[in-house]
*Asks:* 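Submitted below is the structure of interest, expressed as structure tokens.
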Amino acid sequence: MPYDVQTDVFEGPFDLLLRLILQQEVDIYEVSLSHIVDAYLAEMDRIIVVTEGESSPANRVNLELATEFLLIAATLVELKTRRLLPDEVDGDLDDELGIWEERDLLLARLLECKTFKGAAVAMRQLAHRASFGYPRAVGPDEKYLSLAPDLLKGLSIQDISEAFLRATAPKPVVRVDLGHLAPITASVTDAMFELIDELPRLGKTTFRQLTGGLVDRIQVVVRFLAVLELFKQGHIELDQPERFGDITLVWTGNENELLLPIGGVSYDG
Amino acid sequence: MTAEDDAEVFQVLAAQLENEGSLSTPSPSDSELHELDPNVVPADVRAALEAILLVASDPVAPTVLAQLLEVSVETVDALCEYLTDSYAQEERGFTINRVAGGYRYQTSDAQAPYVERFVLEGQATRLSAAALETLAIVAYKQPVSRAQISSIRGVNVDSVARTLQQRGYIEEVGRDSGPGNAAMYGTTTRFLERIGLDSLRDLPNLSDFVPDAEVVETLEVVLRGASEAAEFRDTDGSAPDLSSPT
Amino acid sequence: MTAEDDAEVFQVLAAQLENEGSLSTPSPSDSELHELDPNVVPADVRAALEAILLVASDPVAPTVLAQLLEVSVETVDALCEYLTDSYAQEERGFTINRVAGGYRYQTSDAQAPYVERFVLEGQATRLSAAALETLAIVAYKQPVSRAQISSIRGVNVDSVARTLQQRGYIEEVGRDSGPGNAAMYGTTTRFLERIGLDSLRDLPNLSDFVPDAEVVETLEVVLRGASEAAEFRDTDGSAPDLSSPT
């Protein structure tokens, strides 16, 4: 059965972020990192409380929300800490621009999110107003029934069987789609765990060596994505001295650290 | 409309008033000349009766109406009679009829030609793909609830099922004994007649049905690509959600 | 009440009718008195319209009504408006509403409490905040993929999209031509009926919901805030205290 994700607290990390920011109706000097972190942690506690009281589907969803929310929280904290670090950014204009870009992107997303929140409120009002009028959907009296065009005209018993098979059979388009997507999505995570298992022992290696034994191109692609993800999370160093040359990987992370293998990666079409 | 017409209407009303004493409107500010005695039946009860009958797909028993409106069965009967009279007087396109132990709205006989034209020309003449699939599911899985059909088809089937029911191809054959007492549907004899079957047993056995090459190929692709997805489907009957790698 | 009283009422009405050409004031009203000009629209056309709408199970497009009644679309519109007004004046339990591209009978708002008691199934389930936001995004941005909706809402929307599809408010309207051939979603007629709009053009302007300058500024300030705060602290010479304002 379908279920609706709904907690009293919030409907998503953007909600929370928006609310936290907009509640800070103070001058900018009072905006403190620790306040935001504290507020986030308080919300986390509340999520966990909600989770404990719920049945399993809600559990999963709350975990999803919590994870996404962590991502936003991390983004914000990252933004702020990087700005607080003394002068390191001065040297690198690219980094500086990167931060600006990141911030503008976040701002744009927050504004878009807020816009649709407003539209949703208007939609609720419309739906509420419309909910008082119950439509008549009774149709003609039975005496007119014989007049109605026979909708089954020209249909055979076979048509009915085929329609039943169509209705109950897997929907071809969707299935083919997922068939292609499933190995990719499942394997990036797997590939990351394989690499986390393998890399600390190897210390330094090349991408060619890592993929030497692989047959399917898709497996190579998946490994490559896993490598990028590990790089993004700061567990490995990458170097490619010349174009199309070997890519060297150096493990710099701590294998005891628990990784979040998704890091916002979604390959959903 | 002219003042003369109004005068005529008034003459009728005045005559009725004298003869029957039923126009008990106490003052000109009252909104209705044809009102039941407002001391007995408030206007909103009359409106509520109209509203309930409007949405009812089957005749509503006077006892049910009496309960909903919190008035006596006699009042319900009087109210329906009053409404029928007033609709006739106002030359409305509809009337309230007492059939099969209950009241329901029906089109007035005078409008039959228009209704016939609408039934003939104003509606779809072919079953939509969605309706055909729904009909097929009812045929093979009856008795089956709308929720069950929805879960097979993955979309809401309420309006499609309503159309099929109105056209007399499916009907309510019982109620689910579980919570909610969902209506269970089956196909009608009309369906059997129109499709040319003697009985439901004559529906082709699906295991005999050999899918054509295209279907087989599609299935193969599917089975190769998403064997895990198939497991998932089996457990909850819905499309697999593989969009995020968690 | 006597016939003399009625006669008096009639005199008032007749005078008003002559002076103003219509009986629009909340004066003693008889439905027969408020009639469209019978030379323009015969009473039987009005009744025919009522009859057709009564048997229709979905909103009927004005063009279809015009064709069946052999009048112009404008006349159909005027007639429906007139009927809506007169039903309201007569405090009927029903009204004619324009929704999802056509006209339909529905119960009047005031009767909702009674109808709710009667209608057990088919009641519109409340839409969650998540569902409404997703619906809003689909309504304004259609065709739109689930990934696009997710990116706006900042959360995975797969389950809520599936629910909306099951309820028949959104549907797949095509496939993205890009890699992955993502399903693209749009809203349905059922959605329009649910929110009581005639067409998507009647949605409020999205620009009405763009946060005002004050909000934008607050957001900007907060996102930028830390750096300026840091500068401020630097000039202050003291160690940055992150937990309280300087």
Side-chain angles (χ1 to χ4, degrees), chain A residues 1-2 60 63-64 67 134-190 261-262 265-269, chain B residues 51 54-57 104-107 112 115-116 118-120 123-127 129 131-137 139-140 152-154 159 162-163 166-169 191 194-197 202-204 206 209 211 215 218-219 221-222 224-226 228-230 233 239-240 242-246:
Chain A
M1 278 308 283
R60 191 175 68 79
L63 194 64
E64 252 173 42
T67 318
Y134 289 79
R136 177 172 172 90
V138 178
D141 314 343
E142 52 282 354
K143 69 177 169 187
Y144 296 106
L145 196 63
S146 58
L147 285 173
D150 181 14
L151 295 177
L152 301 187
K153 198 174 180 183
L155 281 181
S156 68
I157 303 163
Q158 271 64 37
D159 292 326
I160 298 285
S161 304
E162 283 167 28
F164 179 74
L165 287 173
R166 259 203 316 281
T168 52
K171 309 269 184 290
V173 190
V174 174
R175 299 299 155 81
V176 172
D177 218 19
L178 290 165
H180 283 109
L181 287 174
I184 302 175
T185 52
S187 304
V188 173
T189 312
D190 290 350
I262 42 163
V265 181
S266 172
Y267 299 99
D268 183 21
Chain B
L54 189 87
V55 295
S57 48
R104 73 165 179 199
Y105 271 110
Q106 261 178 231
T107 52
V115 176
E116 284 168 14
F118 174 72
V119 171
L120 274 169
Q123 304 183 100
T125 51
R126 284 187 52 209
L127 273 189
L132 181 58
E133 282 183 22
T134 303
L135 182 60
I137 293 169
Y140 275 98
I152 293 171
R153 294 204 46 238
S159 77
R162 203 198 303 134
T163 306
Q166 278 165 11
R167 296 303 183 91
Y169 300 132
F191 164 78
R194 292 301 165 92
I195 204 76
L197 279 183
D202 298 331
L203 272 176
L206 287 177
F209 185 86
V215 175
T218 312
L219 284 171
V221 172
V222 167
R224 223 172 32 227
E228 293 159 39
R233 278 194 297 281
L242 296 173
S243 58
S244 73
T246 36

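Values in this document were obtained by computation on a predicted structure and should not be read as measured data. Below, chains carry the letters A, B, ... as their sequence lines are ordered, and counting in each starts from 1.
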*Asks:* Does the A/E142 side chain pair with the main chain of B/G168, one donor and one acceptor, at a distance under 3.5 Å?
*Replies:*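 It does not hold such a pair.
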
*Asks:* From A/L151 CG over to B/T163 OG1, what is the distance, rounded to the nearest 0.5 angstrom?
*Replies:*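 Separation between the atoms: 8.5 Å.
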
*Asks:* Where on B/A129 is there a heavy atom nearer than 4.5 Å to chain A: the side chain, the backbone, both, or neither?
*Replies:*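 Neither the backbone nor the side chain of B/A129 comes within 4.5 Å of chain A.
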
*Asks:* Under 3.5 Å, side chain of B/Q166 to main-chain N/O of A/V138, donor-acceptor pair present?
*Replies:*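 Yes, B/Q166 side chain to A/V138 backbone: donor-acceptor pair under 3.5 Å.
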
*Asks:* I want to check something: taking the side chain as every heavy atom from C-beta on, are B/L132 and A/L155 in contact at a cut-off of under 4.5 Å?
*Replies:*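 Yes - at least one pair of side-chain heavy atoms lies under 4.5 Å apart.
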
*Asks:* Roughly how far apart are A/Y144 OH and B/T107 OG1, rounded to 0.5 Å?
*Replies:*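 Output value for this atom pair is 3.5 Å.
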
*Asks:* For chain B, which of A/D150, A/D141, A/D159 has the most heavy-atom pairs under 4.5 Å?
*Replies:*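 Greatest number of close heavy-atom pairs with chain B: A/D150.
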
*Asks:* So what's closer than 4.5 Å to chain A heavy atoms on B/T134: side chain, backbone, both or neither?
*Replies:*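 It is neither, since no heavy atom gets under 4.5 Å.
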
*Asks:* Is it the backbone or the side chain of B/R126 that comes under 4.5 Å from a heavy atom of chain A, or both, or neither?
*Replies:*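 Interface part for B/R126: backbone (N, CA, C, O).
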
*Asks:* Out of B/Y140, B/F118, B/Y105, return the one with the most heavy atom pairs under 4.5 angstrom to chain A.
*Replies:*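 Highest number of pairs under 4.5 Å: B/Y140.
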
*Asks:* Heavy atoms only: give me the nearest B/A56-A/R136 pair and the separation to one decimal.
*Replies:*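 Answer, listing the atom of B/A56 first, then A/R136: O-NH1, 4.3 Å.
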
*Asks:* Roughly how far, to the nearest 0.5 Å, is the OG1 atom of A/T168 from the CD1 atom of B/I152?
*Replies:*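 So the CD1 of B/I152 and the OG1 of A/T168 are separated by 7.5 Å.
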
*Asks:* What distance do B/L203 atom CG and A/Q158 atom CD have between them, rounded to the nearest 0.5 Å?
*Replies:*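 Here the interatomic distance stands at 10.0 Å.
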
*Asks:* Testing the basics here: between A/I157 and B/G196, what is the closest heavy-atom pair and its distance to 0.1 Å?
*Replies:*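 Looks like CD1-O, 4.1 Å.
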
*Asks:* Name the region of A/K143, side chain, backbone, both or neither, that has any atom closer than 4.5 Å to a heavy atom of chain B.
*Replies:*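 It is the side chain, since no backbone atom gets that close.
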
*Asks:* If you round to the nearest 0.5 Å, how far is CD of B/E116 from CG of A/L147?
*Replies:*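 Here the rounded value is 5.0 Å.
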
*Asks:* Is B/F191 close to chain A through its backbone or its side chain, or both, or neither, when contacts mean heavy atoms under 4.5 Å?
*Replies:*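 Both parts, backbone and side chain.
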
*Asks:* At a 4.5 Å cut-off on heavy atoms, which part of B/L197 comes close to chain A: side chain, backbone, both, or neither?
*Replies:*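 Looking at B/L197, just its side chain touches chain A.
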
*Asks:* On a heavy-atom basis, which atom in B/V55 and which in A/P135 lie closest, and how many Å separate them?
*Replies:*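 It is CG1-O, 3.8 Å.
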
*Asks:* Give the minimum heavy-atom separation between A/P140 and B/V119, together with the two atoms involved.
*Replies:*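 Taking A/P140 first and B/V119 second, the nearest heavy atoms are CG-CG2, 3.7 Å.
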
*Asks:* So what's closer than 4.5 Å to chain A heavy atoms on B/I137: side chain, backbone, both or neither?
*Replies:*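 Contact with chain A: backbone and side chain both.
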
